[in-house]
Trainee: 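Structure provided below as structure tokens; questions to follow.
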Amino acid sequence: MAFASRILVALAATLDTMFTKLTRRAALNVGEYLNAAGPYARLALKAQSNRRATLEALAKLHQPREQTGRHLHVNQGGQAIVAEQFHQHVWGGQNVALTEQSACNRNG
């Protein structure tokens, strides 16, 4: 995971540099070469968008993951209890479980 993090950080830095250079080229071409300014600006915006996506991927890589599970308990008399459990997995920490229960009558 550390290797993937380093790659994503390097990619984000490279895309940021590309955005800066392409934006500068677009600005320099606006006055005299308007046909060149547009493509440079579009490429700059693509680099910026890809940098944002890369940083989001990096954040997801380091965020705790959440799992959802459902348990159905049917008591005598046909009453069902649905329990939803959420487990957050924190690196190096303990699981956190939150339980939300709702009762429903199977007989209507």
Trainee: Just distance, no hydrogens or angles: give the donor-acceptor pairs under 3.5 Å from side chains in residues 24-35, sequence neighbours left out.
Mentor:
residue	atom	partner	partner atom	Å
Arg25	NH1	Tyr40	OH	3.4
Asn29	ND2	Arg25	O	2.8

Trainee: Would you compute the distance between atom CG of Leu11 and atom CG of Leu55 and round it to the nearest 0.5 angstrom?
Mentor: 9.0 Å
Trainee: Should the pair Glu56-Arg52 be classified as a salt bridge under the 4.0 Å nitrogen-to-oxygen rule?
Mentor: yes
Trainee: List the steps, then state whether side chain to side chain contact (heavy atoms under 4.5 Å, CB included) holds for Gln48 with Leu15.
Mentor: CA-CA 7 Å; Gln48 184 184 40; Leu15 288 166; over 6 Å; no
Trainee: Report the distance from atom CZ of Arg51 to atom CE of Met18, rounding to the nearest 0.5 Å.
Mentor: 12.5 Å
Trainee: Can you list, by chain and residue number, the hydrophobic cluster partners of Phe3 when the side-chain cut-off is 4.5 Å?
Mentor: Ile7
Trainee: Closest approach of Leu8 and Ala57, non-hydrogen atoms and distance?
Mentor: CD1-C, 4.2 Å
Trainee: Going by side-chain contact (heavy atoms from CB on, under 4.5 Å), Leu22 matches just one of Thr17, Leu43, Leu45. Which one?
Mentor: Leu43
Trainee: How far does CG of Leu61 sit from OG of Ser5, to the nearest 0.5 angstrom?
Mentor: 4.5 Å
